Each structure stands twice: as structure tokens, then as C-alpha cells.
Amino acid sequence: MTGGAAHDGPTGTGGAAHDGPAGTGRVARDAAAERAGAKPARTGRGGLQVVWIGLVLVALLAAFSVLAPRAFPTSFNLLNLVSDAAILLLLATGMTFVIITAGIDLSVGGVLVFSAVVAAKVTEATGSAALGAAGALVTGLAWGGLNGVLVALGRIPALIVTLGTLGMSLGGALLLTGGVDLRAPADLNLGLGLARWLGVPLIVWICAAITAALALALAFTRFGRHTYAIGSNAEAARRAGVAVRGHLIKVYGLAGLLAGLAGHLSLAKYGITGVSAHSTDNLQAIAAVVIGGTSLFGGVGTVAGTVIGVFIPVVLQNGFQILGVRPFWQQVVVGAVLVAAVYLDQWRRRARDQ
Amino acid sequence: MTGGAAHDGPTGTGGAAHDGPAGTGRVARDAAAERAGAKPARTGRGGLQVVWIGLVLVALLAAFSVLAPRAFPTSFNLLNLVSDAAILLLLATGMTFVIITAGIDLSVGGVLVFSAVVAAKVTEATGSAALGAAGALVTGLAWGGLNGVLVALGRIPALIVTLGTLGMSLGGALLLTGGVDLRAPADLNLGLGLARWLGVPLIVWICAAITAALALALAFTRFGRHTYAIGSNAEAARRAGVAVRGHLIKVYGLAGLLAGLAGHLSLAKYGITGVSAHSTDNLQAIAAVVIGGTSLFGGVGTVAGTVIGVFIPVVLQNGFQILGVRPFWQQVVVGAVLVAAVYLDQWRRRARDQ
Amino acid sequence: GGEGSGGGGDRIRVALVQGLAGEEFYETMACGARAKAKELGVDLDVQGPQKFDPTLQTPIVNSVVAGAPDAMLIAPTDVKAMIAPLTQAKQQNIKIILVDTVVEDPTIGLSRISTDNLKGGAAAAEALSEQVGGKGKVLVISTDPGVSTVDARIKGFEDEIKASHPGLTYVGVQYSHNDVGEASRIMNAALAKDADLAGVFATNLNSATGAGTALQQAGKLGKVKMVGFDAGPAQVKQLKDGVVQALIAQLPADIGAKGVEQAVAAVKGQEVTPSIPTDATIVTAANVDRPEVQKVLYKAGC
Amino acid sequence: MAVPLIAARGIVKSYGQVEALRGADFSLGAGEVVALIGDNGAGKSTLAKILSGVERPDGGTIEVDGEPVAFGSAEEARSAGIETVYQDLALCADLTPAANFFLGRERLRPGLLGLLGVLDNAAMRRATQDACERLGVRLPSQSAPVSALSGGQRQGVAVARAVTWARRAVFMDEPTAALGVVQTRRVLDLIRTVRDSGVSVVLISHNMQDVMAVSDRVEVLRLGRRVACFATAQASMEDLVGAMTGALEQQEGRP
Amino acid sequence: MAVPLIAARGIVKSYGQVEALRGADFSLGAGEVVALIGDNGAGKSTLAKILSGVERPDGGTIEVDGEPVAFGSAEEARSAGIETVYQDLALCADLTPAANFFLGRERLRPGLLGLLGVLDNAAMRRATQDACERLGVRLPSQSAPVSALSGGQRQGVAVARAVTWARRAVFMDEPTAALGVVQTRRVLDLIRTVRDSGVSVVLISHNMQDVMAVSDRVEVLRLGRRVACFATAQASMEDLVGAMTGALEQQEGRP
Ligand SMILES: Nc1ncnc2c1ncn2[C@@H]1O[C@H](COP(=O)(O)OP(=O)(O)OP(=O)(O)O)[C@@H](O)[C@H]1O
Ligand SMILES: Nc1ncnc2c1ncn2[C@@H]1O[C@H](COP(=O)(O)OP(=O)(O)OP(=O)(O)O)[C@@H](O)[C@H]1O
Ligand SMILES: [Mg+2]
Ligand SMILES: [Mg+2]
């Protein structure tokens, strides 16, 4: 599903494959201790970080397959699972970069909606779907860039900046639409929205390709290296000549760009701009990133982990609904299993580190 | 409004008044750099930290008073302001302790609702309002304790733990009520809910008194000192013999207890358990804490700052509504002013530190 | 107006407090109210919370009261929780007109122009039953539990099925938290679980959108029948695209306009109508182009 | 020979694939100053952390006063009277020097306020100031957080803290690395004073002059094992350096 | 005398109420080793940070090659060929030694991959290993993050990095504080080698033996001011200590 597996899977075991942040994904067994510069006991085997949480996901898939053999493990259901997770995946991937720099982005849902509105308006005005898509991307990039500038140059805490831009972008989207959802042009909704390739929706391919590319970029390129360095110790990165401010602007810009793309894809997929429908996107994306082993204190994390982190809640919800667990119980059980899954992950890692 | 002012106001200037975390409230001018142990340029004048953001609040109050002289600065309106903010203040105060330990608590809204449901059920079953209140407090404490245990002993990231308990408590509340809001017993709603003392609602007095007591506890007691120490460097605190795990359990327990009390007060004030309300409580509380100068990376912060952080968004919203700004514009403007306010705060502090 | 607090002029000032800002139903209501206010030459100020939530609506009512308008139209977000702030408003001599929803206290609200969501839910059951031919499994996808208006729709739907549609099997309600993605996931899981699902009642736009997308992906669009609620432009588009087969339309613009009329009458000391019930209309592809149905469709912007 | 205060045998500790200690022995008598020396990465800090209860060994035994112990936490070692200056100092950067000095042992106000847990900051500040000045470390301001101190000032606070609270033994992991000439001299004097008051000292240092000047015995760690023990009086600088680098292999003998 | 490589005059820097530098002067000639010494808190690290562009002075002038400069960032000093070993090392704890070594100057793969910004990790790992081994610092694993290294190993990485990249001058703020005997000797040798290759070195150290052994000149800082300058050959250990502690007040003269 993601190219992240290419370097984080067992093939990379032994850490010999790359010099990247060796402890990536080794979340804070005591995050507070870690950030304070105390030397946590961790080894350098960079290749294993997402294995345990990945196993948790596999175990969940297996359990649901056993419990609901005729409904859960069908290609129909699994394809839908993937298709529903695709857009969230984009947001979570951008969020991974942001969180690795020790930042946070609460504005993604608002930027998504704003970009979708721009795409709809532009397409309507010009009749060109390509221009609409471009409009969404540029808009997303602009919001992200604004976040980045305020965080990097204004030195305002990222939480406040993105809370502010969340309000601004959502309010702006409502102003542009008058609070009434805009519809996607039919050829977008019925074109990109429904298109498939090898039986898999085109939107899924797009999201998977971008996620894979970014997973590779984070792990193997200078851009990724600087992302980790800033989250690990921004002052040290600055002294070493990393253009910290510029890089932060790029990272937030990337997150905005992805949110803009997500807005366009969401418009294509759902056919409307969804001005009121994305208020929990930011928390969903952040949760996915953290479940995937990225520390909120920055410096460690992988896109592959995030991919798993996106799927765990989605699979839980789907599985429990198929099993016929009642909705209120679902909330309870999903919450409990989430905590248990991450606990297992932490516990196994600790055991291995002994 | 809060006793926090007693030590953080200008009287405390010079830092001679206490030995507490000297840089408290001096939020991360570059949080990432700070956490990494790089030595940020900051002075020890512990007394000034909330002055600038406090001035921002005063400026807002003055501006709205000038723009709407007959509606805004009336005792009626200001009393409403305070009364609307009171319950959030409790949540934000608990959140301040949690965030100073470098943790986070997303579950407060869920715990509030669950506690309110318990209070309503217990009062209904026993006919005793006191037992209902006790029920709410115990319930809140239990959820908070669970958070604390999972964070401290399970070493699961606080974000995941409290996201899990948010789902569990909300789902649990819905299970208990069948998804339908319970009504408060009339004598609670009409009693505590409406009672006033010196013209100010009793609920406001309760919240103010508790906030003041906790502000003092954070600044002047061993409990507060250990809270800062853990957030600053949990490993160092552990080595110095601070019972880090026990303390974390207490801090999350306190946050839960306050959420439980907030649930009871909310039941009294609104007369309903509000199972669908409160979904944004966690973000509101976190935002208030961060606006007030507490760093998400732990180790610095004050309750007095949080009090101001609670009021800034409330005042903005109220002022813009009175001025008749349309709702969508309000979202935009509140977002922008929030960022500007915190920027001003940061900027003034930097200038002073030169 | 800019000097909103002044009240220097002798124009009547009316405030409308929506149940939820940025939702088509309430925006359409605001449009209707604005048009009527312009016609009558009164100032109208519209406010609304970002969630259908009494704890968010209370501060708004309080600040509106602080501005001392002559009258307030409000869609209370809870029958009980909003009594206290509205009592306070009444004490400030503000004329209160309840629109869409009501509060328990009968002394509040000189006029009540209410929508009957129970009836709307029943209408949805009727429409869905007709679409699926009176038998099969039906599912409800809603937003959040505890939202009174939506809960009433669900209750009306359930009661109607129990009472008069024995052929339908009700498989329960799922909550999408007003997230299209979530609604889509719910629909997928529902299809995986009950491949023979016959119909869906989506209680609001986002639920219908998400569910519709899932049906489209599964190639079951039009095979699994769906009934939506409200009749904004997006919903009507869904109807025309075949995503939903029927819509339950209320009359928000009408409610807004009537509310302003009643408010002005109350301020001027003229006679007001204490209770004005409104109806729900079933809109289908077959009747949507008829003029009398066109009239009830919500307008985009104003 | 008397029962040693601390005796560790065969301590093993690995971090993932890195074996930091491969069966290290160590002993410390009552009232003696033992220097623990070794090359970078030899495992000195790891051993000190294990004997301070901060890290758990993977294998080996530790005895205090001849009784086997398993320190589960730093707290247990501390209550056995053992204090440590860690190489990374382990200070809370956001707290003042006084708050760090008294962390975990805060002094409370007398009377009711004390029962409520109210801190006696003035007294703690004075005591900290005094302790630091005894080392010749001048703190620019008592209200500045530790993050505002110079490297040497921070180390001074950490050393003063450990020495003040130790009742049986102090581990000092490179305590003078950041200290000035005068301050270093004072710390060495202090080590002697502490020893004379009956508290044992373990000095980890790369400065052979200091080691020779102040220690009674020297234990040498190399690649995670004890490779030599010397009585300081009978050893030359060359012996020590030879043992550390492996040029000289002494058969391990006396404890 | 030739134009000095770096000449700083009257540098003032305060942090809130603390005056770290009160008009400090400093000069460094091409190809010389200058030791900068002083008591704890004298302002040595602050001066080094200002001359490395990391902190901005409140007052005073800095000239490089006789041209006044105002370093706005560490990047500018670095592009003037100046590298620094900071006292707090300034390493990213989550990155590997090689990643730290090449931070900000990553080596890319040849060809298309390089254009895409793909890192050549193997090459960087080898180069880092070599540079550390030249200092006698053995890294247990190239894939372990810096947070897993011992104090001396970390310092080795920081020193190796600065020395490798410096073209005009290296500031070394207590570079051997955590290093072992052998490693310290190697660093002193390295300082000489570097000097011989034409790069100037500023050595901040509390170890007077090292200072005497390796420096050409000594500048003494006291309470934020330069109080003395010596040619090492003409100064005794007592002179240096006296100047640092204020026992000996030399009139400030030669630059
Ligand atoms: N937390 C850890 N994770 C992984 N490896 C570690 C960890 N702590 C120490 N090590 C490794 O264990 C070995 C011994 O480290 P230790 O810190 O005990 O050395 P030391 O003798 O104190 O060296 P120095 O003189 O440089 O301080 C080193 O190779 C180091 O890399
Ligand atoms: N960021 C800061 N904030 C406040 N005060 C500071 C800061 N940095 C340094 N100081 C103060 O400035 C003075 C000089 O500090 P500096 O680190 O330059 O000393 P130093 O000569 O390097 O000492 P050492 O030998 O102990 O490293 C000290 O008194 C210190 O407390
Ligand atoms: Mg060590
Ligand atoms: Mg220094």
C-alpha cells in the first residue's frame, strides 16, 4: 500500500540500509524524559520500528476475518476500506512531516474545505477541471505557507497558528459559499470520482503514489534529513547551517498542499465541498500519526507507521460494525482497543530493547 | 478573578518572591530548540510572564468598550462573560497541570459528559443532590486516574490514552443514557444553577475559588514544583527521587476530578447532560492553556496565564457578536486576532529580553 | 449595522439566533428572514453557534441580549437548557419568537413557528417504504447522538416503521459524527454486513453524501434506496443524480420570514399568532420540477 | 578485609546489540575514594548508573554492606545514602538552581503552611547559594533557570547537590569536566573532606593528575570489564594509561 | 603586525539582568592557536557563540580580515570558513553520528538520484567513521542515534565535525572535557596539524597543561572583559591562574 514499506520493512532490518534517524518511530517510552535530553535506552536497529504496530494491524485483520469470514475479508470490503482511508492518508502524511519537526497542524480540515470550495468555484467559472485542480493546490499551498511563515518567522506556537488558520479557512469557506455546500461539476464527480485502474479507484492510486513518494523522500533525501534534524534539535540544526525557517515553511507548505489536493479529491469523490463535514479531520490525522509511532515531541517517526496508524481505527470501526456491535459500544471498544494496540506496540519494543 | 495574580502580577516582579520555575510562561520562542536542551536566551524575571498577554486582554476589553459603549461594558454583559467562561476555566486549569508535565488530555469533554450523566442518574436514584455531586466527582477522578495509570505505568503517549478514554467515556455516557440527554433534577437546575451571591452566580464563585487555590498550589507548593520538574526533565526528576509515576497519576486524576466537577456544574447550569455537546471542550481548553503562555513541551506555564487564555477567545466572540459581525466573519476574525494576540505577546517578550 | 450597539435610530432591531451556523437549513431560514426584514424595513442581525449545542448557543444569546435588540428569533438547541438564558432575555423586554425548535417553558416565545421533526421522520419512513416496495432491511445514518432535532427525526422514522410498515426490517442507526468519510465507511461496512440492504435514511446532508459515495463505488447506487433530509441545492442535485430517491423538505425560508413578521408585530404591539406549525414535503425525482415543490426547495445564498 | 560498602560482581548490560558492560566487577570500601577510569565508551557511566539504581543490569550481583540488593529505582539507592553526579548532570533546565538542589527533598514552611506543602523558597535559596559558594561557583541570579547558567555553573550545582545529601557514598561522573581551575581544586578538596567525614567517593575522571591526587584506589574499566586495580600510592601514571588502553594487561586480582 | 583574521572590540551582551560580556575584546591571527581562558561564567562560551554568529551582540564591533562584519546567523560565519565545537555540542540526539557529521552539507548520490536530493549514506558513514577514528574515538554502531553514545563519543563526533569542515578558523569550547587520555592527546595533536595547515584555532579550556602545550597565545576573560593577553612561551601557569582569578591584574595591552 505504501512505498514506506520499502525501507522500513524487514528488508531494512539491521539499520544498515540507511543513516536516517536511527530511532525513528521509537516513540517516547517516556517522551518527557526523552525530550529533556536524558539518554533513553534505545538501540539503533532502525529497521524494526513499524513492525510491531504493523503486526497489531495484521492481528486485527486476522481476527475480524475469523469472526466475520463472509463479510470482512472480501475484496469488496477491503477495497472500500482502502478507498475510504485514501484521503485521510494524504492529510496524515503531511501531518507526519509537521509533527516530526515538533510542530502540529490543526488547520488541515479547514484548508481542505477551503480548497475544495476554490476548486468548485474555479471550475464553475472557467469550465476547466484542470484549472480547478490547480486552484485547489495553490490555495492549499498558500494556507500551508501562511502557517509556515507564522510559525517560522513569527515564532508563534504552531498550535495557535493553525488553530487561527483553521478558523480563518473554515470561516472563509463559509463566506465564499454562504454556508451552503457547493456541488462538484458532474464530469469531475463522475470522472475522477469514479475512475478505476486495475479495479482500484484512481483516487486510491493517487494517494498511494504520493504517500509512497513522500515516505521515500522522508527516509532518503536531504529534505527528510533536515525534517528530522529540526524536530530533534532545532537549535543544533540552525547552527549546523540548516535553513530552519525556510524548511519549516516548506514543511507546513507541503502539509497545506496535501490538504489542498485532499480537498480536490474529496470534491471529486463526494461531489460536494462538505463545508461542515471535516471538523474532526485534524484529530484523526494526528491520531494516525501518533499511533504510527511518531512522537509529538518531534525528531522520530515514519510515513509507514502513519499508514498503519490510519488503518487501525478504520479497520476497527469497519470490523465492529460488521460484527454488529452497537454504535455506542463501538465507541467504547474502539477507544479501548486503540489504547491496547499502542500499549502492545510499546511493550513489545521495550521487551526487545532489553 | 484568580489568585494566580497574587504571585504573578507585578508584585512578584524581580522573581524574588519564589523559587519556582523561573522561566514559566516564557513559551518556546522556539519551542523545538528549547526542548532539545539548547540554551535559550531567557532571563529569570519570573514575575512578568503573564503581563503582556494580560495587556492584550485589557486592550481587547477597552476596544470593545469603545466600539459598543452601551452594550459591551455593562455589568450584565461582563457577568455573562464570566459566567460563560467559568466551567471552561475548570477544565483549562486541570489541563494546565497536565500540559506542564508535557502531557495532554483530550478526554475532558467525554469525562465531563460521563460525570454529568452519573450525577443525574445518582440524584434520580437516591433523591440526594449531594450524592449526585459526589458521584460526579468520583467518576471524574476515576477516569482521570485511569488516564494517569495508562500514561505513567503503561507509558502510552498521553494523546493516545486520552483519545481512547474520550471515546470510552463518551460511548459509556451514551450507553448509560441511550443517546438521549438526561434532565437535571429541578432543584439542582433551579438551585445551584441559578443561585447567586453578591449578584454573581454561585457557579462562578466555585470555579474562581478552585482556580485560585490551584494557581497557588502550582506556584507555591511541593506538588506544583514536582509538576514543573517532571515536565522539564522527567528523567532528572526521577533520579532526584520525585515519584514521577505517582505524581503523573495525581495530575491526570486532578484533571479528571475537575472535569467531573465541571460535569456537575454544567448539569446544574444547563439542566441537561449534554451528551452531544462538549465535543470541542478539549481543544478549547488546550488553546486557552497555550494562549496563556504554557508550552506544549512542558516545564513552563501558569494558571494565571490560562485564565487570560480562557477569556481572550470568549471576549472576542462576545465582542464581535455584540458588534453584529456575521458568524462566518467572526470565525475568520477571531482566528486572525488570536494569532495576532499571541504574536504580540511573543514579540513583546522578545523585545524585553534583548 | 456597524454601530450595532447604538440603537439610536428608531428602526426596529431584530436578532436571529440560528441553531447552527453554516447549515443549509438555517442559512435558508436566515435568507428568508433577511428578505422579509428588508421588505419591512427592520434591521436584522444573524448569529449562530458552530455546533448544535446549548453550551455554545448560551453565550451567543447572552451577547445578543447585551446588544438589546427589540426582538429575538431563536432556534433553541435544547428544550430545557435554553430556558435560563431566554428567561433572562425576556426580563430585558426583548420579544422572543421561537423558530424551528422550542423550549419546554410555555411562557417563553410569543409565537412558536415550529417544524415537526417527528413528522419529518415519519414522512421519511413513508417515502423509504414506498421506494423499497415495503420490504427489506433499512438503516439510518445520523450525525451525533443527542442532537434533539435529528433524534426526533430518527424517532419519528422508527415509530412509523413499527406502526405501519411491518415488511421493513430496521437494522438500527449508525453515527457519522457529521463526517462524510465516516458516513462512507459506515455505508461500506453496512453493505459488507448486509448485502441485501434495501434502503437508507440519511438524516442530514453529510450523511447522505458519504453514504451516496459508498453506494456509487459499490455500484449499488439506485439499487439501495436512500431518503435524505432537507432540500438544499446540494441535496436536490443528489436527487437529480439519483444518489437519493426522496428528500424530506421543511420550510426554513418560510419560517424565517414568518418569524420576522411575528417579531415586528410583537414589537409594534400588534397581534401575534401563538403557534404556527409547518409541514414536511416529500420531494422525489417525479415531483421535483412541479412549481409547488420548487417553492419549498431551499435557496442557495441570498 | 572489612565488608565493602558496595560490591558488584559480573555486571552485564547491553543496549540492543551494544554490550556496554560484559561482566564488570567493582568494589568500594567505607570511607575510601576510588577512582573509576577507562577509555571513552568503556562503560564507566553505565556502571555508575546501575549502582545508582537508574538503570537495571541484565546480569550480575550487587551487594551493599554484604547484603545483596536489587535497586529498583534511583529512590532506593538514595535512601541507602548513595548520591550521584551524573555525567549529563540530570538537572531540570526550567527550574532554578535552588529548586534543582532541593528537588525531591523540598524544604517546607514551618507550621500550617508546611502541612499544606508550601515551599520555603527563601531558605532553600540561601542553602543553595552557600553550597555553591563553597565550591567557588558564583550564580549570577538565584531566580534564573538552570538553562541560563554556564556549563561550569550547572556542574557546580549538580556537584554541590550530591555532596550535600550523600550519607554513605557519592558517585561523581566527571564532576570537574566543565569546572574552572579554582573550582576543580575546591572539588578535589571537597572530595577529601567528604571522605574524612566517612562518606565514600567514586570519582570517574579522565584527568590522571586529579585521579592521582585524590584517590586511594583506582579501578580500570576496559571494554565493559574491570581490567586492573591499583592502590594509588603504588601506581604510576603510565600504569593507569597502560591499563586503560590495553597496553598493560594486569591479571585481575584483588577486589 | 598583519591584519588579524578575527578582531572583536568592546563586545557587550546581556541576558536580562545578567551581563555576560561587558566590553570584551578578542583577536585571532591567521594560523595561530589562541587559548581563551577564564573562570566559570566569565563569558567565554558567550563570546564564542557571538563570534560564530549564533548569538547577536548588544554592542561592539567584529572584523574579519579587517572588514567589519555583522554575522546574522551561524550560516554566515560558516561560509566565512569558521567552524565551532559548542560546549553543549549542538548535536541532534535522534540522528546518527554520520547524519550529524554531515548535517547541512549532506553528500548526495551521484547522477539523477542526487538531483532528487537522495543521500549517499554509505559514503557519509565511511567518512564519519574515518574522522572519528583519527581522534581515537570508536563508535559502537553507525546506526545508533547520538543519544546512545557515551559522553566522550559524542564530543568526539562534534570535534571531528568542526575540524573537518573548517577552512579559516575553528572555535573549540572545551573540546576535550569529556575525552579520554588518548583521545585528548590526539585532539591536541590535531590542533597542531590544523594550525600547520593554516587554519586558526581558538581553544577554550580549563586545563592549563593543555593550554600551555598547544597554544601560541593566551587571552584571559574575567567577568565579561579581557583582562590579560600572554604569549604562551613567556607566561607561567601561575600567571594564567592569577589573571583568571583576578589575583594578578595585567594592564590590557597588546591585542
Ligand atoms: N542508552 C544507550 N543506548 C545504546 N548504547 C548505549 C547507551 N548508553 C551507553 N551506550 C553505549 O555503551 C557504551 C558505554 O557507554 P558509557 O556511557 O558507559 O561509557 P563511558 O565509559 O562513560 O564513556 P565516556 O568516558 O565517554 O563517558 C558506549 O559504547 C555507548 O555507546
Ligand atoms: N541564555 C542565557 N540566559 C541568561 N544568562 C546566561 C545565558 N547564557 C549565559 N548566561 C550567563 O552569562 C554568564 C557567562 O556565561 P558563559 O556560558 O559565557 O560562561 P563561560 O565562561 O563559558 O563559563 P563556563 O566555563 O562555566 O562554561 C554566566 O553568568 C551565565 O549565567
Ligand atoms: Mg561517561
Ligand atoms: Mg562555557
Side-chain angles (χ1 to χ4, degrees), chain D residues 14-20 37-46 86-88 132 135-141 143-144 147-156 173-174 176-185 204-211 223-224 237 240-242 244-247, chain E residues 14-20 37-46 86-88 132 135-141 143-144 147-156 173-174 176-185 204-211 223-224 237 240-242 244-247:
Chain D
S14 29
Y15 297 103
Q17 291 148 324
V18 178
E19 295 179 74
I37 64 172
D39 214 355
N40 288 133
K44 305 179 297 297
S45 298
T46 306
Y86 298 95
Q87 190 170 14
D88 61 8
C132 288
L135 290 183
V137 172
R138 228 178 39 90
L139 299 179
S141 147
S143 60
S147 64
L149 298 185
S150 82
Q153 290 163 343
R154 290 184 208 195
Q155 189 151 40
D173 197 350
E174 311 196 14
T176 61
L179 292 185
V181 179
V182 179
Q183 289 77 5
T184 300
R185 235 178 261 158
I204 299 177
S205 176
H206 290 299
N207 189 318
M208 292 306 125
Q209 275 90 14
D210 294 356
V211 165
L223 298 177
M237 199 92 83
L240 300 186
V241 176
M244 282 195 288
T245 55
Chain E
S14 27
Y15 297 103
Q17 291 148 323
V18 178
E19 295 180 77
I37 65 173
D39 213 356
N40 288 131
K44 306 180 293 299
S45 298
T46 306
Y86 298 96
Q87 191 171 12
D88 61 7
C132 288
L135 291 182
V137 172
R138 231 178 37 91
L139 300 179
S141 146
S143 59
S147 64
L149 297 186
S150 82
Q153 289 163 343
R154 289 183 209 196
Q155 190 151 41
D173 197 348
E174 312 196 13
T176 61
L179 292 184
V181 178
V182 179
Q183 289 78 6
T184 300
R185 230 178 267 158
I204 299 177
S205 176
H206 291 299
N207 189 316
M208 292 305 124
Q209 275 90 15
D210 293 357
V211 165
L223 299 176
M237 199 92 80
L240 300 186
V241 176
M244 281 196 288
T245 56

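What you see is a predicted model, and the numbers here were worked out from it, not measured in a lab. Letters go in sequence order (proteins before strands), and every chain restarts at 1. Only heavy atoms go into these numbers, but all of them, side chains included; no hydrogens, no water, no symmetry mates.
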Side-chain donor-acceptor contact under 3.5 Å, Q183(E) with D39(D): yes

Chain E contacts, top residue of G41(D), P140(D), A178(D) (heavy-atom pairs, under 4.5 Å): A178(D)

Heavy-atom contact with chain E under 4.5 Å, split by part of N207(D): side chain

Close side-chain approach of M244(D) and V181(E), heavy atoms under 4.5 Å: yes

Part of L135(D) lying under 4.5 Å from any heavy atom of chain E: neither

Expected output: side-chain N40(D) to main-chain G180(E) donor-acceptor under 3.5 Å: yes

Heavy-atom pair count under 4.5 Å with chain E, highest-scoring of V241(D), V182(D), L179(D): L179(D)

Options Q87(E), Q153(E), M208(E), ranked by heavy-atom pairs under 4.5 Å with chain D, top entry: Q87(E)

Interatomic spacing from CZ in R138(E) to CG in L223(D) - rounded to 0.5 Å: 6.0 Å

